[in-house]
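Since the structure is predicted, the reported quantities are computational estimates derived from the model, not experimental observations.
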Amino acid sequence: MSITISNISIEKLPKKKLAFIEHKGPYQGNTQLFGKLFTSVMEWMQSKDVMHTSDIGAITVYPDDSSAVPESEQRIYVGFTVPEHTKADGDIQIMEIPEGSYVVGSFEILPSEYGNAWNEVFEFIKSKNLVPSAMMYESYKNEPNTHPEGKHLVDINVMIQ
């Protein structure tokens with residue numbers, strides 16, 4: 001399988017506020033699960049009238065090291081960036097993604113190619129002798145069902161020390 005790498009670089013990214021739902025347990029390759037979680041957060045945002053904000057971005061945060069945490073215990077935070085004043089409510093939690101230096105890998109991939117894309121990012125980190133921090137997330141740039149090949153345009157962001 002060959003993935004399309006648009007670019008891997010080191011960038012300073014601004015802080016972001018994320019409204020999200022936490023999921024614990026297996027998630028890899030489960031596009032239905034991601035769709036359900038994103039839809040739940042989107043419905044909440046619509047009810048709070050924050051969908052009209054122009055800089056909303058879809059994000060999944062990976063707080064656990066998949067090599068150290070059993071799959072049944074791994075967590076993901078799935079949601080959207082929201083205005084600074086947004087407050088948590090019900091199942092929706094709020095977190096801040098910190099400003100900082102990140103390795104950013106921009107990819108055009110099929111759902112089955114996410115693992116390869118993450119490997120490319122970590123190979124870049126290793127080749128540059130960088131030290132990753134605990135903040136890692138995917139930022140989605142398109143609706144895959146509108147892509148002619150069903151591909152995802154995604155940035156994989158790994159904060160570095």
Qualifying salt bridge (Lys or Arg N to Asp or Glu O under 4.0 Å) pairs with a residue from residues 67-79, counting only residues at least two apart or across chains: K24-E73, D64-R75
Between I109 and K151, is any pair of side-chain heavy atoms under 4.5 Å apart? no
Considering only heavy atoms from C-beta outward, does the side chain of I10 approach that of F124 to under 4.5 Å? yes
Residue pair E22 / I76, side-chain heavy-atom distance below 4.5 Å: no
With sequence neighbours excluded, what pairs up with K15 under the side-chain contact (heavy atoms from CB on, under 4.5 Å) test? E84, E96, E99
Can you confirm whether the side chains of Y140 and T60 place a donor and an acceptor under 3.5 Å from each other? yes
Fellow cluster residues of Y77, listed by chain then number, with links counted only when side-chain atoms sit under 4.5 Å apart: L13, L18, F20, I59, V61, M95, I97, Y102, V104, M135, Y137, M159
Sidechain-backbone polar pair: T86 side chain, V82 backbone, donor-acceptor under 3.5 Å: no
Donor-acceptor under 3.5 Å (T81 side chain, G57 main chain): yes
Among all residues two or more places apart in sequence or in another chain, which pass the salt bridge (Lys or Arg N to Asp or Glu O under 4.0 Å) test with D65? none
Can you tell me which residue pairs pass the salt bridge (Lys or Arg N to Asp or Glu O under 4.0 Å) test with a partner in residues 136-145, sequence neighbours excluded? K141-D155
Separation of I92 CD1 from M45 CE (nearest 0.5 Å): 9.5 Å
Taking the six-membered ring for Trp, are the ring centroids of F34 and H23 within less than 6.0 Å of each other? no
S139 vs N157 side-chain heavy atoms within contact, under 4.5 Å: yes
Which residues share a salt bridge (Lys or Arg N to Asp or Glu O under 4.0 Å) with D89, sequence neighbours left out: K48
Quick one: are the ring centres of W44 and F80 less than 6.0 Å apart? no
Do V121 and F107 come close enough that some side-chain heavy atom pair is under 4.5 Å? yes
Separation between OG of S127 and CZ of F122, rounded to the nearest 0.5 Å: 12.5 Å
Do S40 and M42 have side-chain heavy atoms sitting under 4.5 Å apart? no
Any luck finding a side-chain donor-acceptor pair between E113 and H152 under 3.5 Å? no
Do I125 and V158 make a side-chain contact, defined as non-hydrogen atoms from C-beta onward lying under 4.5 Å apart? yes
